[in-house]
Amino acid sequence: MKNNSQEKNKLESVYQPAQTEAKWYRYWEESGCFSSENNKEGEPFCIVMPPPNVTGQLHMGHALNNAIQDILSRWRRMQGRRVLWLPGTDHAGIATQARVEEHIAKDGLSKYDLGREAFLAKTWEWKERYHGRITKQLRTLGCSCDWDKERFTLDEGCSEAVRQVFVELYNKGLIYRGSYIVNWCSKCQTTISDIEVEHEERAGHLWYLRYPFADGSGFVTVATSRPETLLGDTGVAVHPEDERYRHLLGKELLLPVMNRRIPLLADEYVSPEYGTGAVKVTPAHDPNDYEMGLRHDLPRITVIGRDGKMTEEAGKYAGMDSLECRAKLVEEFAALGLLDHIEGISHAVGECYRCSTTVEPLVSPQWFVRMKPLAQPAIKAVKSGDIRFVPDRFSKIYLGWMENIRDWCISRQLWWGHRIPVWYCGDCGEVICQKNEPEACPRCASRTLEQDPDVLDTWFSSALWPFSTLGWPEETEDLKRFYPTDVLVTARDIIFFWVARMIFSGLEFMREKPFADVFIHGLMLDAQGRKMSKSANNGVDPIDVIEKYGADALRFMLVTGNTPGNDLRFAEERVEAARNFINKLWNACRFAYMNLGDYQPGAQEPALTLADKWILARLNRAAGLCNSNLERYELGEAARALYDFLWDEFCDWYVELAKPRLYQGAPQERHAAQFMLAEVLSQSLRLLHPFIPFVTEELWRHLPGVEASIMLAAYPQAGPQQYAAEEAGMQLVMEIVRAVRNIRMWLGVPLGKKVELVLFARAEAAAIIQECGSYITLLAQASSLSLAAQGEPPAQAGAAHVRGVDIYVPLKGLIDIEKETARLEKELAVCDAELQRLAGKLNNEGFLAKAPPEVVEKERAKLPEYAAKQKSLSERLQMLKR
RNA sequence: GGGGCUAUAGCCCAGUUGGUUAGAGCGCUUGCUUGACAUGCAAGAGGUCACUGGUUCGAGCCCAGUUAGCCCCACCA
């Protein structure tokens, strides 16, 4: 190493993430570490990022989503794959347009004041601003995406893909235009699709209203939750089998107020049990009534307009707000003696997912995608396992939806979005659907053509994201190389909106699935377990957390202590725990680097001690667990394996054992310890890098012999497990040390005060103690250790028994007989219970006959150990009682 | 109405195909300026794994049912 190691290895005692993180992100990005053009020979690995909305900022859900993707990307990259993690943003039609409208409203302007062109220009400005913000935030999180290939759902390429898809579907008859009942949001002034309607349980009323027969022979009472729609009633329906009404079928009723003659008809849809068993039918304002209207050929009378006000068809109520009309109408019914009674009910009301305005079912001409034919292959792909949901249970949710799919209303009465590529001829009425603007009508050559004013649902372009971003419809290299992508990482609330639509779009246009795996993670909840939302104002800004604890700590917290698919509560103390772990790693390295100043890497392979072999075995095990769990998307388990290894094994035991070798050891011993520290940390840093990229990069650069980024280093793979004997040996050492520490604690002998140790052991245990005596004296803070096969136990001593080893800590004058007796009795009780359990098992014929031999053997092997312990402890107790 | 999820230590959660004495973290108790770290070290206390049955030699884990909570879907006006 040419670097001045003294200078290089000076580290603060507490890790300060802020500077470090900014520094390394800049370095990575500038040096092109994230580029998918690197490592051209590597097997491709591709993730397309779920594009965050340009109107918005990074929230905890994004942080979780992108942390997961980054971990997978970094891991695969270090494994040697050619990784493309493709970033992008979404134009988010309704959301963005609504925000811009709010913004200009502050100046007293509406979008109509500006006009379409100017309004869109404003929206683009807005997009630039928020786009910059959110991509900066993704960088702050540490996302290693290939920014050179960043896309936007409204960019030229994606727009072309959208037009291509629309035209193809149109030509195949899979897109059609028609007047159907759709969900209308009068605030957003647009239709929304069925899944954009949220059903909210609300308290409401059921008004029982009397509709007289036209011939004056009494009346039928109907129940309705929306009296204002009755102005558009064109029938009353009852169940055909309903005895109460059967004889009245075919008679005419006189719709009050409007004095319109409407039929009493029979329809299976009506439930005789509900209300009065008679339903008013308003085909223009209720989806069910719409269907009934079709069946019975009833007229559709639109009485509520797009502005939420009553139309001319509403007669004297025209122009009135619909809710006001409701009140007035009920009054009028009451005055006419036609209000039977009012009942309080609770019912589901449809609301706009964006603005929570109650949706108004309206009949209007809209564009739809015919879903049934597209759903079939999409169902098959998941059923056959070609596309795999992780966790698997989400495939059920997906399939349930796909199998009951309904046509998708894709037109939106907005300006911000992909314009529908359809033109209408002003002269002959021809409908022209093509990718580019036609010059003239192909039928009548007229030049008075007008483009459909509507734009497409945002999700129409999102549905194409896995291939439009790779260049489709062009046959680009990236498309060939990276499609189908490897995994889609997304939250479970978006399966219908997005995942499902990508699947059928990919299958239809690429003839191949868009991704192999769909990894679904849960939602971010606040500390109390409530969904984080703007309205509840309980969101925690990830950027605030990063400023306080660092991006590494946030990332680590997000992927640990949680199971795939389950929702995750945000808890600050868990971020602290993650921060502490990072600091622990920092200090472990700091310790090593303080002692590596004179280390010559690669000088010679040192002779390994038992502890060395033990830590290598444990490291190997941790690497195996980490990799296998990452393969299965068990990121939390993978991280935990590393956490446990580093803290509980490396720091708590190995580092302590290395100290005497470093401080007092002979040159070869010091060198061996240095070699081991460097080796274990080198692997640990690499294993941890995907989870906590910044701190590991910083520490990596201080490692002797290292000059390049950790991102270019190989990810450690687990080799075959070896050193089983050393693992068992170290296990024994640790148990003996714990036993001694336990005695000291009970008897109030602090670690600062040295004690003598007397051990009785035979055979292998004796050999191990022989070899590792120095470990034991060091870790148990003993002044001496005497080992014999057996002997006279010291009288004034604390005692314990571990795996055939009798342990005594002579403490003249410090033994409190009562305390010691209590301690031993407690130990003995545990031992007795275990022996009893073992005996029960080993006397069970069924167990012996049916359990696998290795399980039986394992249990049998414990028997002598516990028996010895029991014997030792009870003898000791008897001695004390004398 | 249909479907899904959750129920494990005081709190927040792990526990991967059934098989050591059910584990972390936080909190709690006790003791520590241990030549990396008090964002630390050591030793502890704390669990009838929601309930009831079943399958099995063996169940926190599998099956059935019950209870409680959360979520999604659904056209009963």
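For the numbers below, each heavy atom of this structure counts, side chains included, while hydrogens, waters and symmetry mates do not. Proteins come first, then strands; the chains are lettered A, B, ... in the order of their sequence lines, and each starts at number 1.
- Between A:R569 and A:G846, the residue anchored nearer the 5' end of RNA chain B, judged by the nucleotide with its closest heavy atom, is A:R569.
- The cationic group of A:R492 does not satisfy the cation-pi geometry with A:W401, failing either the under 6.0 Å distance to the six-membered ring centre or the 45° limit from the ring axis.
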query = In dot-bracket notation, what is the pairing pattern of RNA chain B, taking Watson-Crick (N1-N3 plus N6-O4 or O6-N4) and G-U wobble (N1-O2 and O6-N3) contacts under 3.5 Å, with [ ] crossing and | for other strands?
reply = (((((((..((.(.....[...).)).(((((.......))))).....(((((..]....))))))))))))....

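- Within 4.0 Å (heavy atoms only), A:V655 reaches at least one base atom of the nucleic acid.
- The closest side-chain heavy-atom distance from A:V740 to A:I807 is below 4.5 Å.
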ask   = Which parts of nucleotides 72-77 of chain B does protein reach within less than 4.0 Å, heavy atoms only, written one letter per nucleotide 5' to 3' as B for base, S for sugar-phosphate only and - for none?
value = -S-BBB

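- The side chain of A:R393 lies closest to B:C5 when the candidates are B:A43, B:G25, B:C5.
- Taking side-chain N and O atoms only, A:K753 has no distance below 4.0 Å to OP1 or OP2 of B:C32.
- Stacking between A:F847 and B:G58 is absent: the ring centroid is not both under 5.5 Å from the six-membered base ring centre and under 30° in plane angle.
- Residue contacts shown for A:G400 are absent, as no nucleic acid heavy atom lies under 4.0 Å away.
- At a threshold of 4.0 Å, the pair A:E360-A:R226 counts as salt-bridged, since one of the basic side-chain nitrogens sits closer than that to a carboxylate oxygen.
- At the heavy-atom level, A:N566 lies under 4.0 Å from the strands shown only through sugar-phosphate atoms.
- Just one residue in the list A:V220, A:T229, A:L253, A:L209 forms a side-chain contact (heavy atoms from CB on, under 4.5 Å) with A:K280, and that residue is A:T229.
- Nucleic acid contact for A:D652: sugar-phosphate only, since backbone atoms but no base atoms lie under 4.0 Å from a heavy atom of the residue.
- Among the heavy atoms of the strands lying under 4.0 Å from A:Y663 is at least one base atom, whether or not backbone atoms are also near.
- Figure legend: cation-pi geometry between A:K659 and A:F591, with NZ or CZ positioned under 6.0 Å from the six-membered ring centre and within 45° of its axis.
- In the set B:U30, B:G25, B:A36, B:U30 carries the atom at the smallest distance from any side-chain atom of A:M745.
- Base engagement by A:Y866 is indicated by at least one non-hydrogen atom pair under 4.0 Å involving a base atom.
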